[in-house]
Amino acid sequence: MAIKFVYEQINKQTEAYRFILGKIESGEYPQGMMLVERDISADIGISRTPVRAALQQLASEGEMVVYTQGLGMSVRIMTAHDVQEIFFLRTLLDEAAIDRFVETASPVEMLALVTLKEQVCAALKHEDHQNATKTIAQFHQYILDHCDNMRLSRIMNNILPHIRQMRRLLMESEGAEQICREMHDFYERYCTAIQQRDLEQIHQVLRTYYQEMEQRQIALLR
């Protein structure tokens, strides 16, 4: 019975963790919002204990939640420095992943990636932000899953919540229509270079795009 109780608490903590993280990424819990155990437990329908543990876990990670003495837990406010760090890491990790994918991908795997790209571009063309966000995540996850490097995937997973949060902010901004066009153009050029297995062109396209998106993201913070 004791072991069963422990497992139940762990499962509830995981549920609370994912719930809170999802709310932050979606913007329902905006940056700077105080995170109150009582309110979150009521939203999920579980006790406050696993919610408290989930908040402590998020705060210990220091990425999406911060603890301020005397105030409590709140959603971390992203800074320009955060954006620069995340794009720096993302560029390094994506280049490492795509290098390995290009080296090892079979024709079937390459075709699957092209199919995902077409889904991304169709969603962006119709400014279907929800579907675009979903298919973009699937596109990059496919590359990670097929780069044969589990450690690389784990490191990338640490910054994925920030990446999803930033992508949402861009798509909800006043220049969303232009951003969708730029994203559409990027995925077309990026996937063409991948199909040609041209690493120099892949890196050039990727770096140029991420530099532009980094500047756009920083501009949103002002």
Check the hydrophobic clustering (I, L, V, M, F, W, Y; side-chain heavy atoms under 4.5 Å; chains of links allowed) and say if [X] and [Y] are grouped together.
| X | Y | answer |
| --- | --- | --- |
| Ile159 | Val65 | no |
| Val36 | Ile24 | no |
| Ile155 | Leu144 | yes |
| Met78 | Ile20 | no |
| Leu93 | Ile202 | yes |

So which heavy atom on [X] is nearest to which on [Y], and how close?
| X | Y | result |
| --- | --- | --- |
| Gly32 | Ser74 | O-CB, 4.1 Å |
| Ser173 | Leu220 | CB-CD2, 3.7 Å |
| Ala132 | Leu124 | CB-CD2, 3.8 Å |
| Arg38 | Ser41 | O-OG, 2.9 Å |
| Leu221 | Ala80 | CD1-N, 3.5 Å |
| Gly72 | Met34 | C-CE, 4.0 Å |

* Where at least one partner belongs to residues 153-169, residue pairs that pass side chain to side chain donor-acceptor pair (under 3.5 Å), sequence neighbours excluded ->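 Listed once each, the pairs are Glu25-Arg164, Glu63-His162, Arg168-Glu172.
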
Side chains of [X] and [Y] in contact at under 4.5 Å (non-hydrogen atoms):
| X | Y | value |
| --- | --- | --- |
| Gln31 | Leu169 | yes |
| Lys125 | Arg181 | no |
| Tyr190 | Lys117 | no |
| Val75 | Pro30 | no |
| Gln141 | Leu160 | yes |

[X] (side chain) donor-acceptor with [Y] (main chain) under 3.5 angstrom:
| X | Y | value |
| --- | --- | --- |
| His129 | Met171 | yes |
| Thr68 | Leu71 | no |
| Thr208 | Val205 | no |

* To do: State whether a side-chain donor-acceptor pair under 3.5 Å links Thr79 with Asp82.
  =>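 Yes, Asp82 and Thr79 have a side-chain donor paired with an acceptor closer than 3.5 Å.
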
From [X] atom [atom1] to [Y] atom [atom2], the distance as rounded to the nearest 0.5 Å:
| X | Y | atom1 | atom2 | result |
| --- | --- | --- | --- | --- |
| Ile136 | Met183 | CD1 | CE | 5.0 Å |
| Ile40 | Ile46 | CD1 | CD1 | 9.5 Å |
| His184 | Cys121 | NE2 | SG | 4.0 Å |
| Thr14 | Lys12 | OG1 | NZ | 12.5 Å |
| Leu113 | Gln138 | CG | CD | 12.0 Å |
| Leu35 | Met64 | CG | CE | 11.0 Å |

* Does the distance from a Lys or Arg side-chain N to an Asp or Glu carboxylate O, for Lys23 and Asp43, drop under 4.0 Å? ->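 No, this pair does not count.
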
* Asked: Is Asp185 paired with Arg189 through a side-chain N to carboxylate O contact shorter than 4.0 Å?
  ->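 Counted as a salt bridge, because a side-chain N and a carboxylate O are separated by less than 4.0 Å.
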
[X]: ring pair (Phe, Tyr, Trp, His ring centres under 6.0 Å) partners, not counting sequence neighbours:
| X | value |
| --- | --- |
| Tyr29 | none |
| Tyr142 | His146 |
| Phe101 | none |
| Phe19 | none |

* Asked: When Ile, Leu, Val, Met, Phe, Trp and Tyr are grouped by side-chain heavy atoms lying under 4.5 Å apart, directly or through other members, which residues fall in the same group as Val114?
  ->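 Besides Val114, the hydrophobic cluster comprises nothing; the residue is isolated.
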
Pair up each side-chain donor or acceptor in residues 211-218 with any protein partner under 3.5 Å, not counting sequence neighbours, and list the distances.
residue	atom	partner	partner atom	Å
Arg216	NE	Glu182	OE1	3.1
Arg216	NH2	Glu182	OE1	3.3
Arg216	NH2	Glu182	OE2	2.6

Taking salt bridge (charged side-chain N to carboxylate O under 4.0 Å, His left out) as the test, write out the residues that go with [X], two or more places apart.
| X | result |
| --- | --- |
| Glu174 | none |
| Asp148 | Arg100 |
| Glu61 | none |
| Arg197 | none |

* Asked: For the residue pair Tyr209 and Phe186, does the interplanar ring angle fall in the parallel (under 30°), tilted (30 to 60°) or perpendicular (over 60°) class?
  ->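 Ring orientation of Tyr209 relative to Phe186: parallel.
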
* Mind running side-chain contact (heavy atoms from CB on, under 4.5 Å) on Ile98 and Ile194 for me, showing each step along the way? => CA-CA 8 Å; Ile98 198 60; Ile194 293 171; 3.5 Å; yes

* Using the test side chain to side chain contact (heavy atoms under 4.5 Å, CB included), find all partners of Glu95 that sit at least two apart in sequence or belong to another chain. =>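 For Glu95 the side chain to side chain contact (heavy atoms under 4.5 Å, CB included) partners, ignoring immediate neighbours, are Thr91, His203, Leu206, Arg207.
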
* Evaluate side-chain hydrogen bond (donor to acceptor under 3.5 Å, both in side chains) for Gln196 paired with Gln201, printing each intermediate quantity in order. => CA-CA 9 Å; Gln196 295 171 348; Gln201 181 66 10; over 6 Å; no

